[in-house]
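Worksheet: one structure, shown below.
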Number of protein chains: 2
Amino acid sequence: MKRYKGIVAYDGSGFSGYQIQPNGRTVQEELEKALGKMHKGAEVSIVASGRTDAGVHAKGQVIHFDSTLQLPSERWVKALNGLLPGDISLMQVDSVSSDFHARFDASGKTYKYVVYTGSVRDPFKRHYAAHHPYKLDIEKVKKASECLIGTHDYTSFCSAKTDMDNKVRTVSKISIEQKDDEIVFTFTGNGFLYNMVRIMVGTMLDVGTGKIEVESIPAILAGRDRTLAGKTAPAEGLYLWEVYY
Amino acid sequence: MKRYKGIVAYDGSGFSGYQIQPNGRTVQEELEKALGKMHKGAEVSIVASGRTDAGVHAKGQVIHFDSTLQLPSERWVKALNGLLPGDISLMQVDSVSSDFHARFDASGKTYKYVVYTGSVRDPFKRHYAAHHPYKLDIEKVKKASECLIGTHDYTSFCSAKTDMDNKVRTVSKISIEQKDDEIVFTFTGNGFLYNMVRIMVGTMLDVGTGKIEVESIPAILAGRDRTLAGKTAPAEGLYLWEVYY
């Protein structure tokens, strides 16, 4: 048995999310199906760095799996992509030490979130950016982002459904680039809670439109209450960009 | 009755093409359905600058239609986009003189063609660029493009199925931009024959990979025979970008 680490990109618009579930097409299911075919029907389980929700994309999701096959990277990539549907692609497969774990060994992640600000909807962006055709003060958005960087208890920026106890995370970087009618947010941190990036984006957009004051961000963080923060920005703007080990 | 000119963008990946046909979803059908709803079920016919094939995209298709309604541009755009599916969008609607004709008055068009040259397939580009993961001499491609500019009989670069008599057209500009793992071709001319852009791209790519010599392009043009040129590049890379009047 050899352990392999794979980097996976997927267009989330046709999936009910990453993780296998009773109803709906999932990324994990498609990956395990393709691996099963390569192993003559034998079940091959994969472990990912984390889940992504329905409609959320990945450019650099990381998985690991064990296999009796010994193939070089390009052969794995070619064989798996030949078996996978067009909306998932293995970008790289490397042999790693047998104790590598895609989830537990992840030391950090980068997510991107794309917002389209054009006044008329764009058919090419409907699955790949959140449409926000409202007047926005980008300087206020940037100030809000500075308040969100650091080591904080992010309970207010986490879906109330989460049952994880420790909600302290470190967000080391939030960058915001505006180009033409797009705003791209980049978040890097040691870990992100459920819906955390989407709630941070929703809150920053609310600051940009004047619904929330920049000055209230520290109080929102300190309040540890999901209802204090802004709305959850939609799934289609979110990309799991890179996972660090 | 007032005549209106509309600029339409559509993601061609979910359509069997622009023009209404017995089987399959078409752009024209969706537009006429939405206009019908705005006119209490009365049929409103639209005329486009030209057809696009299944899978071909448009950023600036132009249509005209006549209506008893008198609305300002933003109201038309808002009302129609509220009735249209997400993969079509009216970008602009303007009142024009009653003899304006989207097809007969068009004096020229710009098309873009996007080629993705990365070695591993990209799920985000599968519907929006042609995948060409082969070694390419971009200088040769550019030289080939220079031979295709001008006023020529483009019979060799036109689907053999076309029954149009006059195949002389003027291509005034072909520009080629390479950025990271994408090559974007931009074509401007007074008119394009059926499949002409896709055959020009296919031929230029064949020059880039060495299958066709740059020096043979003039003879391919002079031969007026479709079988002399390269293959027809796939639909998903093609965008009707702008129509001039």
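Naming: A, B, ... by sequence-line order, numbering from 1 per chain.
Closest approach of A:Tyr245 to A:Ser49, counting heavy atoms only: OH-CB, 3.7 Å.
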Verdict with reasoning, B:Leu205 to B:Tyr134, per side-chain contact (heavy atoms from CB on, under 4.5 Å): CA-CA 9 Å; B:Leu205 292 176; B:Tyr134 311 105; over 6 Å; no
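Between chain B and the residues A:Gln92, A:His127, A:Met91, the largest count of heavy-atom pairs under 4.5 Å involves A:Met91.
Ring planes of B:Phe185 and B:Phe187: parallel class, angle under 30° (limits at 30 and 60°).
Residues A:Asp105 and A:Lys5 are not paired through a salt bridge, judged by the lack of any N-O separation under 4.0 Å between the basic side chain and the carboxylate.
The contact between A:Arg121 and chain B is made by backbone and side chain atoms together, counting heavy-atom distances below 4.5 Å. A:Leu90 touches chain B through its backbone: at least one of N, CA, C or O sits under 4.5 Å from a heavy atom, while the side chain does not.
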